**Student:** 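Once you've had a glance at the structure underneath, I'll fire off some questions.
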Number of protein chains: 2
Amino acid sequence: MKATIYDVAREAGVSIAAVSQVMNGKGKISEERRAEILKTMERLNYQPSVIASALTGKKTFTLGLLVPDISNPFFAEIARAVEDQGHHLGYSLVICSTDNKDERVERYLNLLQQKSIDGMIIGTGMDNKEMLTPLMKQGIPIAMIAREMPDIGVHTVVVDDCVGGALAAKHLLDLGHTRVAILAEHAKVISSRERVRGFRNTLEEAGVVLPDSGVRNCHYTVEDGKRQAIALLEESAAVRPTALFCCNDMLAIGALQAAKQLGLKVPEQLSVIGFDNTILASVTDPPLTTVAQPIEPMGKKVVDLLIQELKKESKLKQRVVLRPELMIRQSTASPGDMH
Amino acid sequence: MKATIYDVAREAGVSIAAVSQVMNGKGKISEERRAEILKTMERLNYQPSVIASALTGKKTFTLGLLVPDISNPFFAEIARAVEDQGHHLGYSLVICSTDNKDERVERYLNLLQQKSIDGMIIGTGMDNKEMLTPLMKQGIPIAMIAREMPDIGVHTVVVDDCVGGALAAKHLLDLGHTRVAILAEHAKVISSRERVRGFRNTLEEAGVVLPDSGVRNCHYTVEDGKRQAIALLEESAAVRPTALFCCNDMLAIGALQAAKQLGLKVPEQLSVIGFDNTILASVTDPPLTTVAQPIEPMGKKVVDLLIQELKKESKLKQRVVLRPELMIRQSTASPGDMH
DNA sequence: TTGAAAGCGATACCAA
DNA sequence: TTGGTATCGCTTTCAA
């Protein structure tokens with residue numbers, strides 16, 4: 001059916017060892033033999049089996065990527081960035097949506113291990129970090145992206161969430177907002193907590209206090225963002241927040257919808273600022289001001305770190321923190337601004 | 001390092017054949033031996049190597065998915081649907097973004113072949129269909145989703161594009177529109193052509209003619225949609241179209257932005273209708289009326305067809321056409337309607 | 001029932 | 001330079 005190394009060897013009248021050598025560019029082969037072998041490989045349309053070579057200890061050139069949900073634009077964009085750099089370096093990507101369920105994480109981790117992937121990129125949270133130890137014990141490199149698990153000794157690439165929060169706060173402060181509130185993610189998500197912290201600190205430094213009641217934890221859905229935003233905004237104009245900082249774009253969209261439902265004009269009566277800068281932020285009306293994560297560089301970096309480790313070029317684990325950037329669009333303005 | 005079948009056999013005091021048999025539930029093994037082996041597998045935390053078993057002719061339990069761009073919401077949603085059903089049946093998914101470039105398609109096809117994937121799901125177009133023959137000759141099942149290549153004998157799952165176009169037309173007709181235009185995709189995309197055809201036919205049956213100048217082919221970007229929409233709308237109110245049918249949600253968003261820039265109110269002065277019903281359609285303002293593709297069922301179906309074929313349960317190739325559904329949101333209304 | 005042994009396709013060491 | 005051969009981990013006859 002398919003040509004194997006044996007077929008090539010036979011046709012070229014050489015040993016399989018010779019064929020293997022020209023494939024790997026190792027050993028000594030005379031130019032003529034080499035050319036001859038190359039030619040037969042061509043003629044037979046020979047495609048070496050990655051499976052077979054992996055069995056002899058070589059790599060599978062396949063990486064695993066764990067994310068909560070590949071259909072979520074943020075993770076889809078992460079996946080694309082990871083895929084591109086992986087492909088560039090000769091690796092394929094197996095994607096796994098975990099729905100943030102530990103059982104799915106575990107199942108995938110096992111599965112990919114059995115399939116001998118060369119490395120694992122994790123962009124999903126997990127409650128039980130023990131799940132990673134089998135992988136680590138087996139020497140499969142791990143790298144995290146957009147999530148972190150301190151005290152677990154793996155490469156990590158994240159955005160500086162605290163600075164991101166600060167950037168958002170500063171922007172609102174500059175516009176003159178003093179009554180602000182936050183739509184945060186679940187309290188166990190470290191990055192969300194950091195964003196809130198950065199936001200809050202900056203506010204406080206400016207003498208603006210943010211009451212605890214002004215921070216609402218939401219599920220990762222537009223609907224919940226909308227619901228929580230409504231709860232926050234259903235007050236008289238005198239006390240109602242004039243600006244909402246949302247820890248991701250989905251929640252910000254929920255906030256936009258809440259404002260619309262309540263008849264509040266954005267940005268005139270309410271400023272909304274998101275986080276991530278996914279494609280969603282650019283299609284809303286008004287376009288969303290948001291804190292951008294440098295998704296592409298992040299994806300490139302995790303792959304680089306991971307592959308560096310699996311090639312044993314470096315042993316030390318890195319934690320790379322990239323700087324977020326404020327994307328000012330049209331969902332923010334000075335309070336009461338009727339521009 | 002890692003336990004192999006030999007370790008298990010030795011520890012359990014049996015032959016590797018016995019271990020293999022209990023793993024595959026084949027052959028005859030006494031209950032005691034079986035239990036004993038199971039126990040040692042557990043104790044050693046034995047994970048069979050998919051690589052090794054694939055080498056002996058078994059499957060890799062891995063499927064490939066080719067799409068133009070995984071960061072595009074439509075394909076990300078397709079990927080999720082495919083992943084779910086694959087996972088359900090025990091298969092992992094390797095994703096590949098082709099950017100609609102034949103060279104990338106070819107590269108990925110080769111790569112995945114070398115990695116011995118069990119089947120290939122194609123959701124990207126390609127100019128040169130010859131690229132598939134190596135795969136087919138090697139007996140790797142292929143199935144297409146959301147795209148088709150007639151005369152190539154592979155499973156295909158698509159939405160009825162023609163009906164989708166008709167649905168859109170009927171909706172606009174019902175609302176009373178008579179001056180309409182279309183933002184289509186590239187002319188070589190069959191599904192887009194079909195959508196246009198269904199739309200046009202329905203219009204004509206109602207006695208409404210759509211001049212060729214009212215159909216503009218666009219690139220797959222919001223920007224191009226916007227540009228082409230502006231070209232279409234920059235006419236006096238008396239002749240300007242009152243409704244735009246866009247062959248995908250991205251283009252519809254471009255149309256929405258064009259309307260905004262030109263100061264046209266949607267839906268009062270311009271109705272916009274999209275296609276796909278991706279998450280984007282639900283976050284725009286106003287929310288987009290769009291023709292929904294049943295993405296989840298489509299994903300499930302391709303996987304089922306593919307796996308059915310690779311299990312040799314059935315030989316005949318199927319072409320499954322699912323029915324689209326009109327999702328009426330708020331971007332469409334009667335012309336001149338000031339509701 | 002159970003196990004010895006022959007592959008699967010490639011790598012790599014060691015003689016020749 | 002070359003080629004013979006053991007090996008990777010597992011499946012699958014075929015004898016015993």
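Note that the structure is a prediction, hence the values are computed from the model and not measured.
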**Student:** Less than 3.5 Å apart, any donor N or O on the side chain of B:Thr60 or B:Ser116 sitting next to an acceptor on the other?
**Tutor:** no
**Student:** Starting at atom CD of A:Gln47, determine the distance to atom C1' of C:dC8, rounded to an integer number of angstrom.
**Tutor:** 18 Å
**Student:** Any idea which heavy atoms bring A:Ile140 and A:Gln113 closest together, and the distance?
**Tutor:** CD1-CG, 4.0 Å
**Student:** Which listed nucleotide (C:dT2, C:dA10, D:dC10) is nearest to the side chain of B:Arg33?
**Tutor:** C:dT2
**Student:** Are any of B:Ser53's side-chain N or O atoms less than 4.0 Å away from OP1 or OP2 of D:dC10?
**Tutor:** no
**Student:** So which nucleotide from D:dG3, D:dT12, D:dT11 ends up closest to the side chain of B:Lys26?
**Tutor:** D:dT12
**Student:** Salt-bridge test for A:Asp7 and A:Arg10: reply yes if a basic N is under 4.0 Å from a carboxylate O, no otherwise.
**Tutor:** yes
**Student:** Which nucleotide in the list D:dT11, C:dT1, D:dG9 gets nearest to the side chain of B:Tyr6?
**Tutor:** D:dG9
**Student:** Just checking B:Val19: base, sugar-phosphate only, or nothing, at a heavy-atom cut-off of under 4.0 Å?
**Tutor:** nothing
**Student:** Rounding to 10°, can you tell me the angle the first-five-pair axis of the helix from C:dT1-D:dA16 to C:dA16-D:dT1 makes with its last-five-pair axis?
**Tutor:** 50°
**Student:** Look at A:Asp84 together with B:Arg104 and state whether they make a salt bridge at an N to O cut-off of under 4.0 Å.
**Tutor:** yes
**Student:** Determine whether a donor-acceptor pair (N or O, by modelled atom type, separation under 3.5 Å) exists between the side chain of A:Ser192 and the backbone of A:Val189.
**Tutor:** no
**Student:** Just the rounded figure in Å: distance from P of D:dG9 to NZ of B:Lys58.
**Tutor:** 18 Å
**Student:** With a 4.0 Å cut-off on heavy atoms, is B:Ser20 in touch with a base, just the backbone sugar-phosphate, or nothing at all?
**Tutor:** base
**Student:** Round to a whole Å and report the spacing from CD1 of B:Ile16 to C1' of C:dG3.
**Tutor:** 9 Å
**Student:** Roughly, in whole Å, what's the span from CZ in B:Arg10 to P in C:dG3?
**Tutor:** 15 Å
**Student:** Show me the pairs that pass side chain to side chain donor-acceptor pair (under 3.5 Å) and involve residues 39-53 of chain B, at least two apart or across chains.
**Tutor:** A:Asn110-B:Gln47, B:Glu11-B:Arg43
**Student:** Please report the closest heavy-atom contact between A:Met298 and A:Val159, naming both atoms and the distance.
**Tutor:** CE-N, 4.1 Å
**Student:** Given D:dT11, C:dA10, D:dG9, which nucleotide is nearest the side-chain atoms of B:Met23?
**Tutor:** D:dT11
**Student:** What is the distance from CD of A:Gln21 to C1' of D:dG3, rounded to the nearest Å?
**Tutor:** 9 Å
**Student:** Would you please test A:Asp69 and A:Ser71 for side chain to side chain donor-acceptor pair (under 3.5 Å) and show each step?
**Tutor:** CA-CA 5 Å; A:Asp69 180 4; A:Ser71 73; 2.9 Å; yes
**Student:** When the distance from CD1 of B:Ile51 to C1' of C:dT11 is rounded to whole Å, what number comes out?
**Tutor:** 15 Å
**Student:** Using atom CD of B:Glu32 as one end and atom C1' of C:dT2 as the other, report the distance to the nearest whole Å.
**Tutor:** 13 Å
**Student:** Give the nucleotide from the list C:dG3, D:dG3, C:dG9 with an atom nearest to the side chain of A:Leu55.
**Tutor:** C:dG9
**Student:** On the nucleotide D:dT2, are OP1 or OP2 found under 4.0 Å from the side-chain N or O atoms that A:Ser30 carries?
**Tutor:** yes
**Student:** Over how many whole Å does the gap from A:Asn24 atom CG to C:dG9 atom P extend?
**Tutor:** 17 Å
**Student:** Of the candidate nucleotides D:dT1, D:dC10, C:dA10, which contains the atom at the shortest distance from the side chain of A:Lys28?
**Tutor:** D:dT1
**Student:** Measuring from the side chain of A:Ile5 (C-beta onward, heavy atoms only), which nucleotide among C:dG3, D:dG3, C:dG9 has the closest atom?
**Tutor:** C:dG9
